[in-house]
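Step one of this worksheet: look at the structure below.
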Number of protein chains: 2
Amino acid sequence: MKIVIIGVGLIGGSFALDLKEKFDDIELAGMDQNEDNLNRALELGFIDKAVSLQQLNEADLVFMAIPVDAALKVLPEVLNLVNDDCVVIDAGSTKKNLCAVVEGHPKRRNYLAAHPIAGTEFSGPEAAIRGLFRNKTNIVCEVEKTAFKLQDKAFEVFKAIGMNIRYMDPESHDRHIAYVSHLSHISSFMLGKTVLEKEKNERDIFDLAGSGFASTVRLAKSSPEMWTPIFRQNKKNIMEILDDYILNLQNFKGLMENDNFEEIFEEMQRTNHIKEVLNGINKNEELKVEDHGK
Amino acid sequence: MKIVIIGVGLIGGSFALDLKEKFDDIELAGMDQNEDNLNRALELGFIDKAVSLQQLNEADLVFMAIPVDAALKVLPEVLNLVNDDCVVIDAGSTKKNLCAVVEGHPKRRNYLAAHPIAGTEFSGPEAAIRGLFRNKTNIVCEVEKTAFKLQDKAFEVFKAIGMNIRYMDPESHDRHIAYVSHLSHISSFMLGKTVLEKEKNERDIFDLAGSGFASTVRLAKSSPEMWTPIFRQNKKNIMEILDDYILNLQNFKGLMENDNFEEIFEEMQRTNHIKEVLNGINKNEELKVEDHGK
């Protein structure tokens, strides 16, 4: 199987590493508009060679992991160039615009819209890690628009690297992901900004910060190149939930102002329900690991 | 050495576990107004027996890890009861009010105001873990008001469990901790609340949440019993930084509304500086581990 990874960063690189481990007879080629990253990926050995767009017609599977604005331009070009038996998968964090852009493309059946819910706050080829996708959810949109045998090919790969598939329409995807992913990035970036500004004249003050602060600002290390176009493409959904978040913070501040700590207590107690929600995720993951072991 | 732990939860329990490991000749007794917790601590074995306030006069060291509102009442009583050679340490997350309450106490010299920057989002005796304090910062306030030999006794214990001491006045402590700890808890609670409200009619939607969401809402699992009095006592500092946080979020929303994604990009890039800040913390920890090994 000939595979081309477009964008050899955290996601593309981790995908390549897993594939190399799980499949015997594969050839992994890479493309990246950043030449340094491409060379680093070659050095790290998760791709065997660099290829150009013109060589895409030989690929059996193309995996795109590039910023979502670039994807809008690159995906139609890639589809123009691949052969009829090649499946093109993208891993971007927004799906509505990209699905719309290739809606009428003559090779729409070669495309599978995916979003693996996996990653870290780091980026670039050095950030690629083995097993990143294991027991993680992969959201697939508009699966019915992909040719049957190309779905099969993609799902064989997803299964091999341990992913759990969920189907969703692109609009619902973008809405729910605004809530459970994009908002977290904004809350984290603004938290980091607020505290950095406040402590800018203090030395060593972050020695006082514990694991709680580290956890809530972790996502503020994320790549602006990747996240700016996500915020742009999912503007409507993000602004809606960001409004709710700001209102809840203002309400909390109002309760503090009025010394209504009884209501603050109750609000926190109700929100503690997040424990069960997150435990649910962990339980699912444990079950999946067990299933895998059988 | 006879030690009494007042409040046998996450912090008190973890302190007891470490002490048991590091000191040979100690007797660990516990007190807790929650009888279930006290029995659980006895079952788990990190305390040897339960004691009453009347038995405090035998203690060599008292460690208080209870909600900060309860501490205001309990600390003066404890100081009334202990002998002259006993050091009383508290581990609460606010220091100004507590230091003020015992300012003129005849046994002020027996008290050492501390704040170990260590913990998890869990609470109660079951949450106690070994090594929680290792390589963590312990902020000590008004050290000059504690008797020399009682300082020595406390620092011997802190050193044994691997803590790194920082000195600070109570007002500065409360202010900086509002920024690097208390605000994170509010941002996390409100994020959890916002998403739970938005997704309340959806089933299984949290299957879509990844490690980023889990990281930013982790603190929303924290105990309302512990956190409500912290917010009450540190109201002024918290409201000030909460205002800044809300303004930054509103500003971000404004940039999105005006499609000013160039500025959003630059703002995120500037905030990426948090990487070095957090790496600094990690580097310090590594250095400390090395020092320890020498």
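Atom set for the values below is all heavy atoms of this structure, side chains included, hydrogens, waters and symmetry mates excluded. Lettering of chains follows the sequences in order, A, B, ..., and the numbering in each one begins at 1.
Between Phe15(A) and Ile161(A) the shortest side-chain heavy-atom distance falls below 4.5 Å.
The choice from His273(A), Glu197(A), Glu257(A) that makes the most heavy-atom pairs within less than 4.5 Å of chain B is Glu257(A). Contact count against chain A (heavy-atom pairs under 4.5 Å) is highest for Ile274(B) among Leu247(B), Ile274(B), Ile117(B). The greatest number of non-hydrogen atom pairs below 4.5 Å with chain A, out of Ser187(B), Pro224(B), Gly119(B), is found for Pro224(B). For the set Leu183(B), Ile264(B), Val195(B), Leu208(B), the entry with the most heavy-atom pairs within less than 4.5 Å of chain A is Leu208(B). Heavy-atom pairs under 4.5 Å with chain A were tallied for Asp244(B), Leu249(B), Ile177(B); the largest tally goes to Leu249(B). By number of non-hydrogen pairs under 4.5 angstrom with chain B, the leading residue of His115(A), His173(A), Glu267(A) is Glu267(A). Residue with the most contacts toward chain A among Asp243(B), Leu219(B), Asn248(B): Asn248(B) (heavy-atom pairs, distance under 4.5 Å). For the set Leu242(A), Asn251(A), Asn272(A), the count of heavy-atom pairs under 4.5 angstrom toward chain B peaks at Asn272(A).
With a 4.5 angstrom heavy-atom cutoff, Asn138(B) does not touch chain A via any of its atoms. With a threshold of 4.5 angstrom between heavy atoms, Thr120(B) does not approach chain A through any atom at all. Looking at Ile139(B), the atoms closer than 4.5 Å to chain A (heavy atoms on both sides) all sit in the side chain, from C-beta outward. Interface remark: Glu266(A) contributes no atoms to any contact with chain B (heavy atom separation under 4.5 Å). Leu191(B) touches chain A through backbone and side chain together, each having a heavy atom under 4.5 Å away. Heavy-atom distances place the side chain of Ile238(B), and not its backbone, under 4.5 Å from chain A. For chain A, the nearby part of Leu196(B) is the side chain; its heavy atoms alone come within less than 4.5 Å. Contact of Ser181(B) with chain A is not made at all, since no heavy-atom distance falls under 4.5 Å. For Glu121(A), no part sits under 4.5 Å from any heavy atom of chain B, backbone or side chain.
For Lys96(A), the NZ atom counts as loosely surrounded, since its 6.0 Å shell holds 12 or fewer non-hydrogen atoms of other residues, nucleotides or ligands. The environment of Gln269(B) atom CD is dense: over 12 non-hydrogen atoms of other residues, nucleotides or ligands sit within 6.0 angstrom. Residue Gln33(B) places its CD atom among 12 or fewer non-hydrogen atoms of other residues, nucleotides or ligands, all under 6.0 Å distant.
Side-chain contact, Thr216(A) with Ser184(B): a donor N or O sits under 3.5 Å from an acceptor N or O.
Note on ring orientation: taking the six-membered ring where Trp is involved, the planes of Tyr179(A) and His176(A) are perpendicular (angle over 60°, cut-offs 30° and 60°).
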- Please test Asp174(A) against Lys236(A) for salt bridge (charged side-chain N to carboxylate O under 4.0 Å, His left out), starting from the C-alpha separation and ending with a verdict. CA-CA 10 Å; Asp174(A) 285 10; Lys236(A) 196 180 139 284; over 6 Å; no
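The pair Arg270(A)-Glu263(A) meets the salt-bridge criterion, since a charged nitrogen lies less than 4.0 angstrom from a carboxylate oxygen. The residues Arg175(B) and Glu171(B) are annotated as not salt-bridged, no charged nitrogen and carboxylate oxygen being separated by less than 4.0 angstrom. With respect to Arg134(B) and Asp18(B), no salt bridge is recorded, no charged nitrogen being found less than 4.0 Å from a carboxylate O.
Residue Phe252(A) is tested with Phe189(B), Phe231(B), Trp227(B) for a ring pair (Phe, Tyr, Trp, His ring centres under 6.0 Å); the sole match is Phe231(B).
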